[in-house]
Amino acid sequence: MNTWRNASLAVTAAALLTLTTACGQEQGGTSPNGQAVGNAAPAQQPAESGYGSAGGGYGSEAGKEAAEPKEAGQLAVQETKKLGKVLTDSEGFTLYRFDKDTANPPKSNCEGECAAIWPVVASGDTTAAAGTDEELLGEVSRPDGTSQLTVDGWPMYRYAKDTAPGQINGQGVGGTWFAAAPDGKKAAKNADSEGVAEPADPAGLSVRKDPELGDIVVDGRGMTVYRFTKDSAWPMKTACTGECLKKWPVVAPMAKNAVDGVTTKGFVTFDRPDGIKQQTIDCWPIYTFAGDKKPGDTNGQGVGGTWYAVSPDSKLVGATK
């Protein structure tokens, strides 16, 4: 009888331990509400070797076909901590240039599998970013007959592993790919010097010292990150759906190496019931606020007594309970 009781207690204890640690597992798992959790896969660290030439392979990406070139629309300039000003498309995705291309005359040397990893930016109806020289914009005809955007002669690309606006995962890949500055140069200090490349700013989440709120979490664009008190971390659930998401967009999943100064405890992907994948910290779903128009805004703080900025250890900032 004692043997049976001891075995029963052991099984119960093991089950309880599994439940209380599932969300925080480093290698991923399943949350108590049946949602898959684990390290977000979309934004992985780029391969060190890069893509040496148009005819070579690129790690596990080899064999992919290039997507139809997409226009950039209204170009914009993003200010980054380590790279300074970076050129982006209308959706905030970083534009890149390739050292094996040429600017005079403009020529692309990225085709086939290379163009699957580095999607071509179509020229089309592109507008210069505010405050930049529109005369620097041009186009080059590719071997397949499509027209590619150039900036000061350099063909422009996106990076397939940039899965959210503001990411710069392609910076320095293979020592040949660099984020583009607004004038077409490399967006890195001294990056145009032979063999010198400033490392990318990988922070998809980082910390900003707000004069009123103190240390708060911001996304890769510098926008304040929030939590909703009606959500729960255990079990992981969201109370912001439908129309709510228009005001409070989810923070997309990212890799842990895209975080600077923010806890990675419970840093997992929340597979929401509506099919959207959302980043969590300490198992809490995180959001930005549509009412924040520029980096540094905290207009979402305290809205409805339920929305609050997040501290680097995932706590609510300024909440009374």
Side-chain angles (χ1 to χ4, degrees), residues 41-76 78 83 86-127 129 136-188 191 197 200 202 252 255:
Q44 297 176 357
Q45 186 70 12
E48 293 297 327
S49 60
Y51 201 110
S53 67
Y58 187 93
S60 62
E61 303 288 348
K64 285 189 176 180
E65 294 183 0
E68 189 72 22
K70 179 182 176 182
E71 296 178 2
Q74 172 68 59
L75 298 179
Q78 174 188 344
L83 300 183
V86 170
L87 194 63
T88 73
D89 65 13
S90 60
E91 297 178 353
F93 284 87
T94 301
L95 301 188
Y96 296 89
R97 45 171 280 181
F98 185 32
D99 275 0
K100 294 184 182 292
D101 289 349
T102 60
N104 188 22
K107 184 178 187 302
S108 168
N109 286 304
C110 179
E111 302 174 39
E113 294 170 4
C114 173
I117 307 303
W118 302 92
V120 168
V121 179
S123 54
D125 187 17
T126 301
T127 307
L136 291 177
L137 302 186
E139 60 183 13
V140 62
S141 181
R142 297 176 57 80
D144 61 6
T146 59
S147 184
Q148 183 172 6
L149 175 69
T150 62
V151 178
D152 196 26
W154 287 99
M156 291 289 111
Y157 307 82
R158 297 179 182 87
Y159 184 43
K161 291 187 179 180
D162 284 349
T163 59
Q167 292 182 350
I168 318 177
N169 296 317
Q171 173 69 9
V173 169
T176 56
W177 290 94
F178 299 92
D183 59 0
K185 293 183 172 58
K186 299 175 186 177

Nearest-0.5 Å distance that lies between atom CZ in Arg97 and atom OG1 in Thr176: 11.0 Å

Closest contact, heavy atoms only, Asp183 versus Leu136: CA-CD1, 3.7 Å

Side chain Asp152, main chain Gly184, donor-acceptor under 3.5 Å: no

Side-chain (Gln171) to main-chain (Ala179) donor-acceptor, under 3.5 angstrom: yes

Pair Tyr96 + Trp118: ring centers closer than 6.0 Å: yes

Distance-only polar pair, side chains of Ser147 and Glu139, donor-acceptor under 3.5 Å: yes

Closest heavy-atom pair and its distance - Met156, Val151: CG-CG2, 3.7 Å

Minimum side-chain heavy-atom gap Asp99-Trp177 below 4.5 Å: no

Shortest non-hydrogen contact between Thr150 and Pro106, atoms and distance: CG2-CB, 4.3 Å

N/O donor-acceptor pair under 3.5 Å between Thr94 side chain and Gln167 backbone: yes

Nearest non-hydrogen partners of Lys107 and Asp101, listed with the distance: O-CB, 3.2 Å

Closest non-hydrogen atom pair, Thr163 against Ala160: CG2-O, 4.3 Å

Phe178 side, atom CZ; Lys185 side, atom NZ - distance, nearest 0.5 Å: 15.0 Å

Rounded distance [0.5 Å steps], OG1 in Thr102 versus CG in Asn109: 6.5 Å

Side-chain heavy atoms of Leu137 within contact of Leu75, under 4.5 Å: yes

Glu91 with Arg158: basic N within carboxylate O range, under 4.0 Å: no

Backbone of Cys110 reached by a side-chain donor or acceptor of Arg142 within 3.5 Å: yes

Ring geometry between Tyr157 and Phe98 (parallel below 30°, tilted from 30 to 60°, perpendicular above 60°): perpendicular

Between CD on residue Glu71 and CG on residue Leu149, distance to nearest 0.5 Å: 10.0 Å

Heavy-atom side-chain proximity of Ile168 to Leu83 below 4.5 angstrom: yes

Nearest-0.5 Å distance, CD of residue Gln78 to OG1 of residue Thr88: 6.5 Å

For Thr127 against Gln74, the heavy-atom pair lying closest together: CG2-OE1, 3.4 Å

